[in-house]
Amino acid sequence: MRSLLFVPGDSSRKLEKALASGADVLLIDLEDSVDLSAKEEARRVTAAFLSEQQATPDRPRLFVRVNGLTTGLTDADLDGVMQAAPDGIVLPKTVGGADVAHLGAKLAVREAEFDLKDGATRILAIATENAAGVFALGTFAGASHRLMGMTWGGEDLSADLGAETNRDADGAYTDPYRLARSLTLLGAAAAGVDAVDSVFTNFRDMAGLEAECRMARRDGFVAKMAIHPAQVPIINEAFTPSQEAIDKAKAVIEAFKVNPGAGVVGVNGEMLDRPHQLRAERLLRRAAQNAGRR
């Protein structure tokens, strides 16, 4: 998983177009991009799209972003789409592991009701869209076996904080949002799930997107969300390990293999220890997962 593309759930045309974007995951949206008056139609369109695509080979994974648990709309969203067996549910406005556990219980009921495999529906939590969520980022470990990733959102958080903007004059995130991003990365690591970077809202600034992808990959994020299909190729390239990185990781693992029991090994003039071996193993796992993707 490298790229996750948001697509409005009330537009059949945009959903069909998104299939050709090259995104690893489509995030079919029933929340922010759908007006309240169009929610029911979005559920119908989304369910039909999911049903049509279930048997399609080599399709992207299909996740649905439902409305948050405090809106009173979550159950209707799940009732509308779960019969079509989405691969996962995106939970916005998540406040800690308790919200993930709550959603997990709702999914279990509907999997049983619609004769779906128990536990098949995964959860991606958007975990920083309000201040309460930021303070709960350390509570996700063990919340649910369904949790596969955590991501963060700077736009809703800025609204919750009453901020004028979340970026400075140079386009970099200001301190509150850098903190939320960093804590999401740490929270995901503590929970043992993927850390997914937030969207880059200026979809015409490809250079800015590329730079932000590089920084996210450097820090430990393994994927990034997108709001426009044009962003997907740049995200995919950034989060696909290069052949040079793969070769270096293999050399590190081989050095430890031929020196069993060694705490430190030398590779190309560098002295490397156990953390470097773990990092190399993680990179090769990502490379294997991405093999064959567009």
Side-chain angles (χ1 to χ4, degrees), residues 1-35 38 42 45-46 49-50 52-53 56-65 86-88 90 92 124 126 129 149 151-158 165-173 177 181 184 194-219 221-243 245 286-287 289-294:
M1 179 177 68
R2 303 159 299 176
S3 53
L4 303 88
L5 174 64
F6 277 110
V7 193
D10 60 347
S11 174
S12 297
R13 178 183 63 83
K14 290 180 180 178
L15 288 167
E16 290 293 336
K17 184 178 179 180
L19 288 172
S21 67
D24 295 329
V25 183
L26 300 187
L27 304 178
I28 306 171
D29 191 24
L30 302 180
E31 194 209 16
D32 285 347
S33 65
V34 177
D35 186 75
V45 170
T46 296
F49 178 76
L50 291 170
E52 290 168 3
Q53 296 301 322
T56 302
D58 300 322
R59 63 167 174 79
R61 297 170 71 184
L62 303 175
F63 280 45
V64 177
R65 179 166 72 170
D87 297 310
V90 182
L124 173 64
I126 308 180
E129 292 185 302
T151 187
W152 72 286
E155 307 311 310
D156 284 272
L157 180 59
S158 67
T165 181
N166 56 17
R167 293 181 184 262
D168 62 22
D170 295 324
Y173 278 112
Y177 311 96
R181 176 183 179 272
T184 300
D194 286 344
V196 178
D197 199 25
S198 187
V199 297
F200 186 79
T201 56
N202 188 349
F203 61 86
R204 291 186 175 88
D205 182 6
M206 296 304 174
L209 171 64
E210 184 178 12
E212 193 161 283
C213 287
R214 287 198 307 269
M215 289 187 290
R217 184 193 65 207
R218 175 201 67 195
D219 291 345
F221 288 93
V222 301
K224 189 171 181 66
M225 298 186 295
I227 59 169
H228 193 281
Q231 295 179 320
V232 170
I234 290 175
I235 294 173
N236 282 348
E237 182 177 358
F239 288 98
T240 299
S242 67
Q243 189 60 53
R286 284 208 315 275
Q289 291 167 357
N290 294 333
R293 291 177 177 169
R294 294 168 289 180

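For the atom pair SG (C213) and CZ (F239), the distance works out to 5.0 Å, reported to the nearest 0.5 Å. To the nearest 0.5 angstrom, T184 atom OG1 is 6.0 Å from F221 atom CZ. Expressed to the nearest 0.5 Å, how far CG of L124 lies from CG of D194 amounts to 9.0 Å.
With sequence neighbours excluded, no residue satisfies side chain to side chain donor-acceptor pair (under 3.5 Å) with D10. Every salt bridge (Lys or Arg N to Asp or Glu O under 4.0 Å) that E129 has, sequence neighbours left out, goes to K93. P229 is linked by a side chain to side chain contact (heavy atoms under 4.5 Å, CB included) to L5, S21, counting only residues two or more places apart in sequence or in another chain. Residues passing the side chain to side chain contact (heavy atoms under 4.5 Å, CB included) test with N166 are E155, S158, Y173, Y177, sequence neighbours excluded. Considering only residues two or more places apart in sequence or on other chains, E16 meets the side chain to side chain donor-acceptor pair (under 3.5 Å) condition with none of them. D35 is linked by a side chain to side chain donor-acceptor pair (under 3.5 Å) to S37, counting only residues two or more places apart in sequence or in another chain. With sequence neighbours excluded, the residues that form a side chain to side chain donor-acceptor pair (under 3.5 Å) with S33 are D29. Legend: residues meeting salt bridge (Lys or Arg N to Asp or Glu O under 4.0 Å) with D87, ordered by chain and number and at least two apart, are R59. Judged as a side chain to side chain contact (heavy atoms under 4.5 Å, CB included), and not counting sequence neighbours, the contacts of V199 are F6, T201, M225, I227.
Within the structure, the ring pair (Phe, Tyr, Trp, His ring centres under 6.0 Å) test picks out no pair touching residues 7-26 (sequence neighbours left out). Residue pairs that meet the side-chain hydrogen bond (donor to acceptor under 3.5 Å, both in side chains) test with at least one member in residues 208-219, sequence neighbours left out, are R167-E212, R181-D219, E212-K224.
Of all heavy-atom pairs spanning T46 and G9, the tightest one is OG1-O, 3.1 Å. In terms of heavy atoms, V196 sits closest to L4 at CG1-CD1, 3.7 Å. Considering all non-hydrogen atoms of both residues, V34 and A42 come closest at CG1-CB, 3.8 Å. Between L26 and P60, the shortest heavy-atom contact is CG-CG, 3.8 Å.
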Test side-chain contact (heavy atoms from CB on, under 4.5 Å) on I28 and R65; report intermediate values, then the result. CA-CA 6 Å; I28 306 171; R65 179 166 72 170; over 6 Å; no

Set out, in order, the CA-CA distance, both residues' side-chain angles and the distance that settles side-chain contact (heavy atoms from CB on, under 4.5 Å) for V90 and V64, then state yes or no. CA-CA 6 Å; V90 182; V64 177; over 6 Å; no

Does the side-chain contact (heavy atoms from CB on, under 4.5 Å) test come out yes or no for N202 and L209, once each step is laid out? CA-CA 8 Å; N202 188 349; L209 171 64; over 6 Å; no

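Using a distance-only test at 3.5 Å, with no hydrogens or angles considered, no donor-acceptor pair links the side chain of D24 to the main chain of R61. Of the possible donor and acceptor atoms, one in the side chain of Q231 sits under 3.5 Å from a partner among the backbone N and O of F200.
Side-chain contact between V45 and S12 is present, with heavy atoms from C-beta onward closer than 4.5 Å. Using a 4.5 Å heavy-atom threshold, the side chains of L62 and P86 count as separate. Proximity of V25 to S3: side-chain heavy atoms (C-beta onward) are nowhere separated by under 4.5 Å.
Judged purely by distance below 3.5 Å, without hydrogens or angles, the side chains of Q53 and T56 pair a donor atom with an acceptor atom.
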